[in-house]
Amino acid sequence: MSTFVIIAIDGGAASGKSSTSRLLAERFNLLHVDTGSFYRAVTAELLRAGVKTDDVDGVRAAVAGLKFGTRIEGRSARMEINGRVPPEAEIRGAEVTAAVSHFAAIPEVRAALLAYQRGQADVGREKGFRGLVMEGRDIGSVIFPDADFRFFLHADPEERAKRRALEGRQDAVAERDRLDASRKTAPLARPEGATDIDSTHLTLEQVVDRLSADIAVRLPL
Ligand code: CDP
Ligand code: CDP
């Protein structure tokens, strides 16, 4: 019987979740699921519809009308909303980055994405991947608390701001962390039992090697 391995990676903004997950997906042939990109896609769609972050009733109504699908690009899952994949340039732009944590704090937004995120495991199985690496803020705590592996990445805020600046992206990482960690529903926090990795003084390769050593026990290379 073949096993399907689920790896949960959580952490603050620019802690290295996406870069690490992408490299693990290549190394172990996993489906890479960036749930932040889902929250960003929903945010882009709400902003396009003219919904404001403080209009909770408007957000609830708009979210209820969204139909989600998945398109696989390489080893990554991209979210389709009402048949359209919002482009990367749009979901990584300053407007979405500034709004996303506000929409993500609304329980109905999180509830709308819950089953969809869990369903990515079925997508991964159907497409023949050996497992799933899913990254976000509440993967090891809420989405897959029974994941085979749960990691929590962090790095000093100054180091993370430097990483974003090197990418040429405008981002208030400390402010997003504050919003994400203080919300009532599924706040950013290290889930109990997750493996803590401080990457402040590690290169990306060192982080990937560290996680790979654990994963290779279940998924021999
Ligand atoms: O890449 P970065 O860490 O900067 O952010 P992201 O992973 O793209 O996530 C964007 C935002 O989506 C976060 O700041 C959270 O507000 C929200 N998010 C969430 O609430 N729960 C998740 N599982 C993933 C993202
Ligand atoms: O997904 P998340 O926002 O947590 O981080 P990311 O989008 O992967 O961005 C992290 C940036 O820091 C990328 O440019 C990485 O190359 C760099 N970096 C890292 O991820 N890990 C390190 N240990 C050192 C640098």
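Being a predicted model, the structure only gives us computed values, none of them experimental. Ligands are counted one by one from 1 in listed order, and the atoms in each one are counted from 1 as well.
Nearest to atom 13 (C) of ligand 2 by heavy atom, out of Gln206, Glu167, Lys17, is Glu167. When the options Arg164, Arg163, Arg160 are ranked by their closest heavy atom to atom 7 (O) of ligand 2, first place goes to Arg164.
The protein atom (non-hydrogen) at minimum distance from atom 23 (N) of ligand 2 is Leu202 O, 2.7 Å. Taking atom 20 (O) of ligand 2 as the reference point, the nearest protein heavy-atom neighbour is Gly16 CA, 3.3 Å. Given atom 15 (C) of ligand 2, the protein heavy atom at minimum distance is Ser19 OG, 3.5 Å.
Aromatic ring orientation, Phe151 versus Phe149: parallel (interplanar angle below 30°, classes split at 30° and 60°).
The shortest N or O to N or O distance between Gln117 and ligand 1 is not below 3.5 Å. The shortest N or O to N or O distance between Ala13 and ligand 2 is not under 3.5 Å. Residue Arg40 has at least one nitrogen or oxygen atom sitting less than 3.5 Å from a nitrogen or oxygen atom of ligand 1, judged on distance alone. Of the polar atoms of Ser37, none of the N or O atoms is found under 3.5 Å from an N or O of ligand 1, judged by distance alone.
Contacts of Arg137 with ligand 1, taken as heavy-atom pairs under 4.0 Å, involve both backbone and side chain. Residue Thr203 touches ligand 2 through its backbone alone, judged by heavy-atom distances below 4.0 Å.
Every atom of ligand 2 is numbered from 1 in the order shown, and the set under 4.0 Å from a heavy atom of Gly12 is 4 (O). Distances below 4.0 Å separate heavy atoms of Asp180 from the following atoms of ligand 1: 13 (C), 14 (O), 15 (C), 16 (O). Atom numbering of ligand 2 starts at 1 in the shown order; those under 4.0 Å from a heavy atom of Ser18 are 1 (O), 2 (P), 7 (O), 8 (O).
The environment of CD in Glu95 is sparse: at most 12 heavy-atom neighbours from other residues, nucleotides or ligands sit within 6.0 Å.
Residue Phe152 is tested with Leu188, Asp198, Ile139 for a side-chain contact (heavy atoms from CB on, under 4.5 Å); the sole match is Leu188.
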Set out, in order, the CA-CA distance, both residues' side-chain angles and the distance that settles salt bridge (Lys or Arg N to Asp or Glu O under 4.0 Å) for Lys17 and Asp10, then state yes or no. CA-CA 7 Å; Lys17 301 180 298 296; Asp10 291 300; over 6 Å; no
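Every heavy atom of Gly11 sits 4.0 Å or more from the atoms of ligand 2.
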